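Working notes, structure below.
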Amino acid sequence: MMIEIDGSEGEGGGQVVRNACALSLVTGEPVRITNVRAKRSKPGLMRQHVTAIEAACAIGSATCEGLVVGASELTFRPGRVKAGDYRFSVGTAGSTGLVLQTVLMPLLLADGPSRLMLEGGTHNMLAPPFEFIERSFLPIVRRMGGQVEARLIRHGFYPRGGGRIEVDITPGLLRPVECMARGEAVGVSACALFAGLPMSIAEREIAVVRKAFDWSERECFMRELPVDQGPGNILLLEAQFEHVTEIVSGFAQLGVTAERVAKTAVGRMRGYLACDAFAGPYLADQLLLPMALAGGGAFTTVKPSEHARTAATVIERFTGRRTRFEQQAGGAHAVTIG
């Protein structure tokens, strides 16, 4: 029996492919995906999607027909997931985090510990930066019973890449958790990372943050990285609470002022702080898969994205577990899985 997924449905992006391959490895169900990334400006598989699927094939003795850059259709047939030491290189600045997203859950349910070395982009515009994975997402996976430790060895910015992360994964029985409240505020910080670019860019970003939030000098800082890790710049805003840490980012792009980069990040953090939900939009996306594989769970979030609703649909196709999104008083949404 083959699960059929139309990749143009819902949000129509690469997450459909990553989640489908991860779920295929966990459930043993083969899958055919058509119209891959049909709603993107460049449809079909990109280099980072191909690497993610190659990684899934490597850890799970799987085969994949149609696995070439630009392909709009593929058939993935899973084998048995094997723990081990793996190294995957995305080549360009394709996201190491999105490759990790594809293989993490299958390896957490494997028969022994694994170590991953992932090379490519660590700070890319269309993917969660390393700090988000390490401080926002993985602590909740650990709370569910999976032991995962991630280390950033070298930064890799778009378009050059060249970054590296290492991840140690020790399988554990995943159990359902409820994450309804973020708890008391613990602290805030802003960090402007830059490499191979003038320090004035970082200074201007930090100035915007301090004006917007009235955060202290101690809470706002700049960090210059070695020139060979650039050129690149990212502004990371962090809000720590008792039960969760939210990290939002603004990425430097050619032709976009430092002030505008900072205003983007400030707007995202304002949206999160104005609501009392547990998870921001990106964390909400990431929690659906582990919670479904744990047999259930619940959390509150800001308004669920089309991305999250699409992920929920793909998860239900493989596991039969439904995700309910219910708006609550005060603007937050309760998300219940299973």
Side-chain angles (χ1 to χ4, degrees), residues 93 95-97 121-137 139 152 154-163 165 182-242 244-284 302-303 305 331:
S95 170
T96 49
T122 58
H123 294 77
N124 305 39
M125 238 170 67
L126 298 173
F130 173 81
E131 290 80 0
F132 174 88
I133 294 165
E134 180 198 27
R135 292 182 224 153
S136 296
F137 174 57
L152 178 63
R154 180 189 158 94
H155 293 73
F157 290 98
Y158 178 84
R160 190 168 168 185
I165 67 171
R182 55 172 80 154
E184 295 293 316
V186 174
V188 292
S189 70
C191 175
L193 283 175
F194 67 104
L197 293 170
M199 186 187 280
S200 58
I201 292 171
E203 288 171 341
R204 285 157 57 200
E205 288 170 349
I206 291 295
V208 169
V209 175
R210 291 203 58 199
K211 192 176 171 191
F213 288 127
D214 202 24
W215 292 357
S216 74
E217 212 168 297
R218 191 175 48 80
E219 292 164 334
C220 300
F221 51 94
M222 297 172 289
R223 184 174 163 214
E224 184 169 12
L225 301 167
V227 172
D228 65 351
Q229 297 192 23
N233 160 243
I234 180 174
L235 175 66
L236 296 159
L237 305 184
E238 184 168 334
Q240 290 182 348
F241 292 86
E242 237 179 309
V244 69
T245 296
E246 172 66 343
I247 292 182
V248 303
S249 52
F251 279 92
Q253 300 172 67
L254 275 174
V256 178
T257 65
E259 287 76 12
R260 199 163 135 216
V261 168
K263 279 177 180 157
T264 299
V266 163
R268 286 178 177 158
M269 184 55 86
R270 272 217 174 101
Y272 179 72
L273 295 175
C275 177
D276 61 1
F278 178 87
Y282 297 110
L283 184 57
V302 294
K303 190 179 177 202
S305 63

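Treat the numbers as computed from the prediction; the structure is a model and nothing was measured.
- Contact of the E134 side chain with the I247 side chain is not registered, since no non-hydrogen atoms from C-beta on lie closer than 4.5 Å.
- More than 12 heavy-atom neighbours from other residues, nucleotides or ligands sit within 6.0 angstrom of CD on E242.
- Panel note: side chain S136, backbone T245; a donor-acceptor pair is recorded below 3.5 Å.
- The two residues Q229 and F157 have their closest heavy-atom pair at O-CD1, 3.3 Å.
- Side-chain contact between L237 and W215: present, with at least one pair of heavy atoms (C-beta onward) separated by less than 4.5 Å.
- A donor-acceptor pair under 3.5 Å is formed between the side chain of T122 and the backbone N or O of G156.
- Atom CZ of R154 sits in a crowded spot, with more than 12 heavy atoms from other residues, nucleotides or ligands closer than 6.0 Å.
- Annotation for L235 and A265: closest pair CD2-CB, 4.1 Å, computed over non-hydrogen atoms.
- Summarising the geometry of N124 relative to S95, their closest heavy-atom pair is ND2-N, 3.5 Å, with the distance given to 0.1 Å.
- With a 6.0 Å cutoff to the six-membered ring centre and a 45° limit on the axis angle, R182 counts as a cation-pi contact of Y272.
- When each of E131, M222, E205 is tested with L193 by the rule side chain to side chain contact (heavy atoms under 4.5 Å, CB included), just one qualifies, namely E131.
- Atom CG of D214 has 12 or fewer neighbouring heavy atoms from other residues, nucleotides or ligands inside a 6.0 Å radius.
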Problem set entry | Steps toward side chain to side chain contact (heavy atoms under 4.5 Å, CB included) verdict (V261, F251) | CA-CA 6 Å; V261 168; F251 279 92; 5.8 Å; no
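- Contact record, L273 with A239: CD2-CB, 4.1 Å, taken as the closest heavy-atom pair.
- Side-chain contact check for F221 versus I206: every heavy-atom pair is 4.5 Å or farther apart.
- From M125, atom CE reaches atom CD1 of I234 across 11.0 Å, with rounding to the nearest 0.5 Å.
- Rounded to the nearest 0.5 angstrom, L225 CG and H123 NE2 are separated by 8.0 Å.
- Distance check, rounded to the nearest 0.5 Å: CD of E246 to CZ of F132 gives 6.5 Å.
- Counting only distance, with no hydrogens or angles, the side chain of Q240 and the backbone of V186 share no donor-acceptor pair below 3.5 Å.
- Atoms CZ and NZ, on R270 and K263 in that order, are 10.5 Å from each other to the nearest 0.5 Å.
- Of the possible polar contacts, none joining the S189 side chain to the E219 backbone as a donor-acceptor pair under 3.5 Å is found.
- In the displayed structure, Y282 atom OH is contacted under 6.0 Å by at most 12 heavy atoms of other residues, nucleotides or ligands.
- Atom OG1 of residue T96 and atom CD1 of residue I165 lie 4.0 Å apart, to the nearest 0.5 angstrom.
- Panel note: side chain R268, backbone S249; a donor-acceptor pair is recorded below 3.5 Å.
- The NZ atom of K303 lies 12.5 Å from the SG atom of C275; values are rounded to the nearest 0.5 Å.
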